[in-house]
> 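If you scroll down you'll find the structure; I have some questions about it.
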Amino acid sequence: MTAFIFIVLIVGGTAALSWPLGRYIQWAMDPAADVGPRRRGLDRLFERIAGKLGRDAQGWKKYILAMLAFNVVMFVVSFAFLAFQHYLPLNPDGMKAIEGSLIFNTAASFTSNTNLQHYSGESTMSYLSQLCALMWLQFVSPAVGLAALAAMARGLAGRQQMGNFFIDVQRATFLVLVPLALIMATLMVQGGMPMTLSGAAHATTLEGAEQVIARGPVAAFLAIKQLGTNGGGFFGPNSTHPLENPTFWTNVLATMSIIIIPMACVWMFGRIIGRMRHAAVVFGVMLLLMGTRIAGAVLFESAPTRAFASLPIEQTDGNLEGKELRFGAAAGPLWAVVTTSTSNGSVNCMHDSLNPLTGLMPMIGMWLNEDFGGVGVGMINMFVYIILAVFLAGMMVGRTPEYLNRRVEAREVKLAVLALLAQSLFILVGTAVFAVTPWGTKTLNNAGAHGFSEMLYEFSSASANNGSGFEGLGDNTPPWNIATGVVMLLARFIPIIVPLAIAGSLAAKRPTAQSAGTLGVEDGTFGVMLTAVVVIIGALTFFPAAALGPIVEHLQFMV
Amino acid sequence: MQTFIASLRITAATMVICVAAYTLAILGIAQVVTPESANGSLIRRADGTVVGSRLIGQRFEQPGYFWPRPSACDYNAAGAAGSNKSPTSPDLIARASAMIARHGATADTPLPADLAAASGGGLDPHITQRAALYQATRVAGARGVPTKEVEALIQKFAFSPGGPLTSDLVVNVLELNLAMDEASGPVSASR
């Protein structure tokens, strides 16, 4: 019962807050024509920062090229900071040079908003690397996602010009992410999180042993890590580390800040296309899909640790392996689902040590990757499912499908299918290759089906730009670093470029008139249709892989 | 080419705001308002030497101290980690058996699960109140004080981390052990 109240308060409270935030984000990203002079002054400032190109109106192709150019700069700049960290200042604990494939993986990971980490922050990264390479990307990479969603929404609203990427990315960074991060970091500081540039503290324990306590500018890092669906931890074990998540209350705030912007993105989308009822239906579908997984995870995780069953151990709180006591019993499975529903990927318990079926819930979240998804990109992913749902519904009744008064034709559907196939290809082919070669099999921390789950989870996480892991996997090897690095980059840009192309293609069409036969996208029927499409496509694609991993492990041990 | 110039200009602006200004603002707030926790919630002795952090678990093996949860990283606060073992793994049986032996648990006095399960980061500073009471007799015996006194101290230190939203009471192991030392003298001298 406490678990139920706890979850409803967190998810419900965040959903309520996402409504005003969505209104604010629209004001920031796509201000109305009659907006006040102060807001217009900000845009003029952004234009001046961007330079000559800041005043262009960009169609979808130009917008994408600008976005790609900025991402190349993001990758190169962060790569350089990481590669030279041992020569650069702000390195009080003397961190050494980083191996080449790990630099590639890390730069790709943070550029693509994934934050998959094949390293442990407190033993690898200097403070300068943490701040100038990693935290910087934690600001600008979600800003890229938010900009892309604003552009797509403008296209779907029928505007041929999708805005200007260089302005949008600054609006998202300076008006949305920085203010929210300032608030959240201040709250985290109050909650007892460290924020210092001094190196590690040296303690002599009560029993006389030496203990080196790594610390650093954690509060600033954590705030944007959570808000930007980044998820990359300051410390290796992420938000299980007591200095990265000191109390029950910091854990509550951190959980809420994982989903609040992705939720608000749906409302921003609705405001830009001018169809709030449609946004509400989409929001409801997302909430239902995420809520189902939360319920499943909390239920499955209330089963005790199987390995302790025959031992004289009193288990009253479900499976405690890999969990922190200060968060309470439901906090681990709740966070596990929320962090994989969005593309966040931070953890407050070790996913590798979740009960087998609990571990399946985060995997399903990453396979679907749209409820609520990453900042900006979650709604973009859902748009692909919407196109398919509209298309299938049209086929069922024998009418040309339409979305927002524009005809959805072969070209749009082909592109949508391409985006969905790419994702499953990366996950299933990647896992298959590593499962039959020493690249994968030599790196496992658990035997049998759970070992397979470790590899399946890793590729799912890379492809969903999530970043969490079954962290027992010894993934800091050149094959893992290169394979997941390439997957992260492709899986970042294909699902942004393709939907923008669809939106551009729709925007170029003549609007059709509403008639009695038009499929409504603002009612429960459409909600059911959309849910069915998401579930059926997700289930059909990934069920065989799930059966080989978590499901077989459950059947082997848990029943 | 022009797109790269625009990108570099935005890179410079975001570096200044998001990295320099933002970090310094939070650093300033933290060091002025909450300097104690901003530097890692360190606990110092009267002479200024650091004993540890209130938030970080440390190893205790002497019978006169309360013992923490097992740690997959051996309480290394510069390289924290969880076990990442599946809950079905035989490795967990081996580790739990060692804990059972150390605590002398039997079928009649089963070990509270948190003393058998490693935490996520390996640095959990807490154990449940049940797990502390479970060790009260041993600690009292080693220190030659009445068990009642030790239990009273545990009750004093037990708290609910989430108020009504969590069901288990927990105690901070390091703080409790410091309080034990204060009440009945350090045990480290007797080593």
Side-chain angles (χ1 to χ4, degrees), chain A residues 2 6 49-51 53 66 69-70 73 123 131-132 136 139-140 166 173 185-186 189 192 194-196 201 203 205-206 211-215 219-220 236-237 240-242 246 248 305-308 311-315 319-322 324-326 328 349-350 352 355 445-446 450 471-472 557, chain B residues 2-4 6-7 9 11 13-14 18-19 23 26-27 29-30 34 37-40 42 49-53 55-56 58 77-82 84-89 92-93 96 105-107 110-114 116-117 119-121 123-126 161-162 165-167 170 177 188:
Chain A
T2 33
F6 172 73
I49 291 172
L53 289 185
F70 185 60
V73 171
S123 56
L131 295 174
C132 289
W136 173 61
F139 274 102
V140 291
F166 296 117
T173 309
T186 308
V189 161
M195 184 68 204
T196 173
T205 67
L206 281 189
Q211 190 181 36
V212 179
I213 301 173
R215 47 186 181 168
T240 66
H241 195 297
F248 176 86
T305 313
R306 184 68 181 85
F308 299 165
L311 303 172
I313 292 175
E314 182 191 16
Q315 303 201 64
N319 172 26
L320 279 178
E321 182 67 23
E324 307 284 310
L325 294 178
R326 60 193 176 281
C349 70
M350 285 300 155
D352 216 345
N355 283 328
N445 184 46
N446 284 279
H450 199 85
E471 288 298 336
F557 294 101
Chain B
Q2 276 188 337
T3 52
F4 284 104
S7 298
R9 294 172 70 125
T11 298
T14 47
C18 304
V19 178
T23 307
I26 301 301
L27 190 64
I29 295 171
T34 53
S37 61
N39 292 306
L42 302 177
T49 52
V50 178
V51 178
S53 164
L55 296 173
I56 298 288
Q58 53 182 243
N84 286 308
K85 289 295 178 190
S86 166
T88 65
S89 166
L92 291 192
I93 299 181
T106 63
L111 190 69
D114 54 309
S119 66
L123 299 172
D124 194 339
H126 299 115
L165 293 174
T166 44
S167 40
V170 302
N177 282 332
S188 38

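Below, each value reflects all heavy atoms present in this structure, side chains not excepted, and no hydrogens, waters or symmetry copies.
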> Can you tell me which portion of A:Phe308 sits under 4.5 Å from chain B's heavy atoms? Options are side chain, backbone, both or neither.
side chain
> Given side chains that start at C-beta, do those of A:Phe139 and B:Val19 come closer than 4.5 Å, heavy atoms only?
no
> Heavy-atom distances under 4.5 Å only: say whether A:Cys132 touches chain B with side chain, backbone, both or neither.
both
> Which answer fits A:Gln211, side chain, backbone, both or neither, if we ask what part of it has an atom under 4.5 Å from a heavy atom of chain B?
side chain
> Quick one: does A:Leu206's side chain get under 4.5 Å of B:Gln58's, heavy atoms only?
yes
> Roughly how far, to the nearest 0.5 Å, is OG1 of B:Thr88 from CG of A:Asn319?
10.0 Å
> In terms of heavy-atom pairs under 4.5 Å, which option from B:Ala107, B:Pro110, B:Ala13 contacts chain A the most?
B:Pro110
> Let's test your reading of the structure: which of B:Gly40, B:Ala77, B:Ala96, B:Gly82 forms the most heavy-atom pairs below 4.5 Å with chain A?
B:Ala77
> Based on non-hydrogen pairs under 4.5 Å, which of A:Ala185, A:Cys349, A:Ala307, A:Gly472 is most in contact with chain B?
A:Ala307
> Heavy-atom distance under 4.5 Å to chain B: side chain of A:Thr205, backbone, both or neither?
both
> What closest approach, in Å, do B:Ser89 and A:Asn446 show between heavy atoms, and which atom pair accounts for it?
CB-OD1, 3.9 Å
> Could you check which of B:Val170, B:Leu165, B:Thr49 has the highest count of heavy-atom pairs closer than 4.5 Å to chain A?
B:Leu165
> Do B:Lys85 side-chain atoms and A:Gly322 backbone N/O form a donor-acceptor pair below 3.5 Å?
no
> Could you tell me which portion of A:Val212 (side chain, backbone, both or neither) has an atom closer than 4.5 angstrom to a non-hydrogen atom of chain B?
both
> Would you mind telling me which of B:Asp114, B:Thr11, B:Leu42, B:Thr166 has the largest number of heavy-atom pairs within less than 4.5 Å of chain A?
B:Thr11
> For the residue pair A:Pro242 and B:Leu55, what are the closest heavy atoms and their distance?
CB-O, 2.9 Å
> Pick from B:Gly162, B:Pro125, B:Ala105: which one has the most heavy-atom pairs with chain A under 4.5 Å?
B:Gly162
> So which of A:Val140, A:Thr2, A:Thr173, A:Leu53 has the largest heavy-atom pair count under 4.5 angstrom toward chain B?
A:Leu53
> Looking at every non-hydrogen atom in both residues, tell me the closest pair between A:Ala214 and B:Ala78 and how far apart they are.
CB-CA, 4.1 Å
> Can you tell me how far CZ of A:Arg215 sits from CG of B:Asn39, rounded to the nearest 0.5 angstrom?
5.5 Å
> What's the separation between atom OG1 in B:Thr23 and atom CG in A:Leu131, rounded to the nearest 0.5 Å?
5.0 Å
> Quick one: closest heavy-atom pair of B:Ser7 and A:Val73, and the distance?
CB-CG2, 3.7 Å
> In Å, rounded to the nearest 0.5 Å, how long is the span from CG of B:Leu92 to CG of A:Leu311?
10.0 Å
> Would you mind checking which part of B:Ala81 comes under 4.5 Å of any heavy atom in chain A, side chain (CB onward), backbone (N, CA, C, O), both or neither?
backbone
> A side-chain contact here means heavy atoms from C-beta on lying under 4.5 Å apart; do B:Pro87 and A:Thr305 qualify?
yes
> Find the distance between CD1 (A:Ile213) and CD1 (B:Ile56) and round it off to the nearest 0.5 Å.
6.0 Å
> What are the two closest heavy atoms between B:Leu27 and A:Thr196, and how far apart are they?
CD1-CA, 3.8 Å
> Between B:Ala113, B:Ala116, B:Ala117, B:Ser86, which residue shows the highest count of heavy-atom pairs closer than 4.5 Å to chain A?
B:Ser86
> OG/B:Ser119 to CE/A:Met350 distance, rounded to the nearest 0.5 angstrom?
8.5 Å
> Nearest heavy-atom pair of B:Gly121 and A:Thr240: which atoms, and what distance?
N-OG1, 3.3 Å
> Among the options A:Ala50, A:Gly328, A:Ala66, A:Ser123, pick out the one with the most heavy-atom pairs lying under 4.5 Å from chain B.
A:Ala50
> Under 4.5 Å from any heavy atom of chain B, what part of A:Arg326 do you find: side chain, backbone, both or neither?
both
> What part of A:Asn355 gets closer than 4.5 Å to chain B, counting heavy atoms only: side chain, backbone, both or neither?
both
